[in-house]
Amino acid sequence: MKPKGKKLPASYYASHDVNFLAKDLLGKFLCTHIDGIYTCGKIVETEAYRGPDDKAAHSYNNRRTPRTEVMYRKGGVAYIYFCYGIHHMMNVVTAPQDHPHAVLIRALEPAEGIDAMAERRKMEASDIRLTKGPGALCVALGLTKDRTGTSLYKTSTSIWIENRGINYDDSEICAGKRIGIDNAGDAVDWPWRYFVKGSKYVSAKRGC
DNA sequence: TGTCGGATCAGCT
DNA sequence: GCTGATCCGACAC
């Protein structure tokens with residue numbers, strides 16, 4: 001599948017600054033080519049998880065388990081895991097090897113393959129909730145936990161992120177507390193959730 | 001081997 | 001707004 005925009009290279013994901021990347025990923029396009037179906041959406045909401053220091057992250061205190069192992073790899077792979085018995089969550093692993101940082105993709109604005117998304121979601125294509133929320137967008141794009149570890153930059157990959165020339169200014173971005181991490185001590189209050197101001201596709205507007 | 005809690009969503013009120 | 005669905009991973013025993 002030929003990207004419409006410019007596929008982000010391995011070097012993009014190498015930054016140590018996971019908060020910079022979480023913000024910078026807004027306006028980029030997350031695309032998948034799974035089961036022969038091409039789908040693509042603009043990223044409008046992310047959260048940063050900064051590995052060892054961040055009590056809300058699975059890799060807090062450098063915890064290593066078979067599940068979190070992929071977070072320790074070199075940036076530029078997908079970390080997809082299963083939660084609440086129902087939902088999958090899509091994260092982008094960042095930073096060099098052994099720095100377990102990741103950006104959770106929380107919401108997209110559907111761009112291409114909208115009919116396929118609707119079919120996977122068993123919803124009308126016009127439904128605003130198609131890719132609103134991390135569990136929802138994984139279904140829409142066909143992502144499941146067995147894709148975890150997939151490279152986002154290799155030419156043959158089934159999951160990648162494109163730059164199509166959209167860059168948001170700080171004044172167009174909101175930062176707020178992260179969602180659903182009530183048990184994470186001080187980290188609960190860190191404003192590491194970023195979203196595009198005014199987007200209908202953002203999962204929760206709080207913090208702006 | 002068993003228990004407990006979780007980075008949620010949709011549908012109904 | 002509230003609630004039920006539903007199951008895997010981590011850790012204690």
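Below, read A as the first sequence line, B as the second, and so on, with proteins coming before strands; counting in each chain starts at 1.
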What nucleic acid atoms does A:Ala136 come within less than 4.0 Å of, heavy atoms only: base, sugar-phosphate, or nothing?
-> sugar-phosphate
Among the nucleotides C:dG9, B:dA10, B:dA7, whichever has the atom closest to the side chain of A:His58 is B:dA7
Side chain of A:Phe82: nearest nucleotide among B:dC9, C:dC8, B:dA7?
-> C:dC8
A:Glu47/A:Arg106 salt bridge by N-O under 4.0 Å criterion = yes
Short N-O contact, A:Arg64 and A:Asp98, less than 4.0 angstrom = yes
Can you tell me if the side-chain N/O atoms of A:Arg67 get under 4.0 Å from OP1 or OP2 in C:dC8?
-> no
Atom CG of A:Asp127 and atom C1' of B:dG11 are separated, to the nearest Å, by 12 Å
Does CG in A:Asp146 sit with more than 12 non-hydrogen atoms of other residues, nucleotides or ligands closer than 6.0 Å?
-> yes
A:Thr68 has its side chain closest, among C:dA10, B:dC9, C:dC8, to C:dA10
Do A:Phe29 and A:Ile166 come within less than 4.5 Å of each other through their side chains, counting heavy atoms only?
-> yes
Atom-to-atom span, CG of A:Leu104 to C1' of B:dA7 - whole angstrom | 6 Å
How would DNA chain C look in dot-bracket form, 5' to 3', counting Watson-Crick and G-U wobble pairs with both distances under 3.5 Å and writing | for bases paired to another strand?
-> |||||.||||||.
In this structure, are over 12 heavy atoms from other groups packed under 6.0 Å from A:Glu119 atom CD?
-> no
Name all residues meeting the salt bridge (Lys or Arg N to Asp or Glu O under 4.0 Å) criterion together with A:Arg63; count only those two or more places apart in sequence or in a different chain, and write none if there are none.
-> none
Which whole-number value in Å describes the distance from A:Glu124 CD to B:dA10 C1'?
-> 15 Å
Among B:dA10, B:dT8, C:dA10, which is the nearest nucleotide to the side chain of A:Pro134?
-> B:dT8
Once the angle between the rings of A:Tyr81 and A:Tyr79 is folded into 0 to 90°, is it parallel (under 30°), tilted (30 to 60°) or perpendicular (over 60°)?
-> parallel
Got a sec? Which of residues 84-101 of chain A come in under 4.0 Å of DNA chain C, heavy atoms?
-> A:Tyr84, A:Gly85, A:Ile86
Once you round it to whole Å, what is the distance between P of C:dG9 and CD of A:Glu69?
-> 15 Å
For A:Leu130 and B:dC9, what is the distance between atoms CG and C1' respectively, to the nearest whole Å?
-> 14 Å
